[in-house]
Structures are given as C-alpha cells and as structure tokens.
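Along the sequence shown, the residues carry numbers beginning at 1.
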Amino acid sequence: MLLSLLERLALHRRRPGSHPAWTAVALAAFLLRRLRSRQVKESIALREELRPGETLIITHTAQRQG
C-alpha cells in the first residue's frame, strides 16, 4: 500500500522541469511492485496428510524457465 502511494506521488510530481529523481522513484516503485507480485505467484504450496509411519522429504532445487 505504501509503495503504491509512493508510486502515485512520484508519477504526479514527474512533470517537465521537475527534478529527475521523481522519475527514478516512480520507476523503482513500479519495478518493486512487479517483483513482489511475481514472487507471490511463483510460490507453491502443497498440503498432504501423512499416515502413521510415513515420512516426508523436502528438497529445493532451482529450475530454469524457458
């Protein structure tokens, strides 16, 4: 929420003749919001009930996309 407010403020202040830092702030806020939304979509959740005597092994490997 704070990030979107900062982005809107920076976009509003990014006018011809204004300080170029506002353009950088607007771009950075936009990119951060995109990165956060992409990370949320990439998370995977698995839920499974184990029976008595069963075990669970969790591994993490990076997979290339493309």
Side-chain angles (χ1 to χ4, degrees):
M1 184 169 123
L2 184 60
L3 199 55
S4 63
L5 289 173
L6 179 62
E7 184 181 2
R8 277 192 260 145
L9 175 68
L11 286 173
H12 178 69
R13 299 241 174 149
R14 189 183 64 96
R15 290 177 261 174
S18 67
H19 199 277
W22 286 112
T23 302
V25 169
L27 180 63
F30 171 75
L31 291 175
L32 278 173
R33 280 194 321 113
R34 293 281 295 197
L35 179 66
R36 284 185 181 174
S37 67
R38 184 176 177 199
Q39 287 175 345
V40 169
K41 291 178 185 175
E42 289 180 357
S43 66
I44 298 173
L46 175 66
R47 185 177 193 174
E48 191 170 328
E49 188 174 326
L50 297 177
R51 295 185 187 122
E54 290 184 331
T55 58
L56 178 67
I57 299 174
I58 299 173
T59 60
H60 175 75
T61 58
Q63 295 180 354
R64 288 189 189 181
Q65 291 181 353

If I take atom CD from residue Glu48 and atom CG from residue Leu50, how far apart are they, to the nearest 0.5 angstrom? 6.5 Å
Which value, rounded to the nearest 0.5 Å, describes the distance between Arg33 atom CZ and Leu31 atom CG? 10.5 Å
Taking all heavy atoms of Glu54 and all of Glu49, pick out the closest pair and write down the distance. OE1-O, 4.3 Å
